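Below: one structure, written as structure tokens.
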Number of protein chains: 2
Amino acid sequence: MAAMTTEAPDTLVRLKAIADPVRWKALQFLREPAPSTCRPGAAGVCGCDFEVVLGLAQPTVSHHMKVLVDAGLVTGEKHGRWVFYHLVPEAFGELQRELATFASAAAEVPA
Amino acid sequence: MAAMTTEAPDTLVRLKAIADPVRWKALQFLREPAPSTCRPGAAGVCGCDFEVVLGLAQPTVSHHMKVLVDAGLVTGEKHGRWVFYHLVPEAFGELQRELATFASAAAEVPA
DNA sequence: AGCACCTATCGACATGGGTCGATGTTTTTC
DNA sequence: GAAAAACATCGACCCATGTCGATAGGTGCT
């Protein structure tokens, strides 16, 4: 179940993945993970952690994480019976560059 | 009021506004506007232009533009009976910085 | 083996939001 | 004043999707 980060999902897919309150909160947690409640000293954030952080049922968490992984924003490594999630900085870098084209658009005024 | 760009809408509101195929296309058009079909030589893009570009009915266009304006991504100036829309570069700059925090997050490289 | 735990999938439900027709408001033009 | 054009608002429809319970698949522990 390797994460196919080589192919570039559409920008809209990534934006739609981010533009959800639950997934946005999940990404923020991935950015600054609190000490794992299910596995102290773990090298990542597992799905069961998100259940606590997000306050949602397990299938719902699984669904949201799948969306993030499919969008290429997050990778999920399976270690034992846990899945550890990590951010994909490149994906956010690409989005950053996309938005930059809009931030600099108004700079050039039609002659 | 027309342009309440002083208050900062939530980041999620802006992301949700962008993460829509129609509005994304509208933003791209605002970035590189083609010559206006309803008013040649106009100093902006009016709503009726979007009807042609997006291929949608007028109420639908009005709805989408309102979402973009409310999100602070676009301003709408009313000139006569037309409303000319422009990008708000600052808003995209803020989003850019938001995403930068994820792009620079601890990137552990697999051995 | 048997059990407990984490995760993925399925099915069903409810909500949100995109879409359009009809209508109203404002402004320009004749 | 009347007509036309651009835009906003309203109401309704319909699809996408977030949510959960039930269930199945996998893994580690005793």
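Values reported hereafter were calculated over all heavy atoms of this structure, with side chains retained and with hydrogens, waters and symmetry mates removed. Just so you know, these numbers come straight off a predicted model, no measurement behind them. Chain identifiers are assigned alphabetically (A, B, ...) following the order of the sequence lines, protein sequences preceding nucleic acid strands; residue numbering begins at 1 within each chain.
Summarising the geometry, the separation between CD on A:Glu51 and C1' on D:dG18 is reported as 16 Å, rounded to the nearest angstrom. Remark: C1' of D:dG18 and NZ of A:Lys66 are 16 Å apart, rounded to the nearest angstrom. We find that CG of B:Leu54 is positioned 13 Å from P of D:dC7, with the value rounded to whole Å. Atom pair A:Asp49:CG and C:dC5:P shows a separation of 16 Å (rounding to whole Å applied). B:Phe84 places its CZ atom 15 Å from the P atom of C:dT27, with the value rounded to the nearest Å. Put simply, NZ on A:Lys16 is 12 Å from C1' on D:dG18, counting in whole angstrom units. If you take CE of B:Met65 and P of C:dG18, they are 14 Å apart, rounded to a whole angstrom.
The aromatic rings of A:Phe29 and A:Phe50 stand perpendicular to each other, their planes meeting at an angle above 60°, with 30° marking the opposite boundary.
Contact annotation: the side chain of B:Leu54 never approaches that of B:Thr60 to less than 4.5 Å [non-hydrogen atoms, C-beta and beyond]. The side-chain heavy atoms of A:Leu27 and A:Phe92, taken from C-beta on, include a pair separated by under 4.5 Å. Here the side chains of A:Val13 and A:Lys16 are not in contact, with every heavy-atom distance at 4.5 Å or above.
Checked against salt bridge (Lys or Arg N to Asp or Glu O under 4.0 Å), B:Lys66 has the following partners two or more places apart in sequence or in another chain: B:Asp70. Checked against side-chain contact (heavy atoms from CB on, under 4.5 Å), A:Ser62 has the following partners two or more places apart in sequence or in another chain: A:Gln58.
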Expected string for nucleotides 19-30 of chain D under the B/S/- scheme (protein heavy atoms, under 4.0 Å, primed atoms plus P, OP1, OP2 as sugar-phosphate) is BBBB----BS--
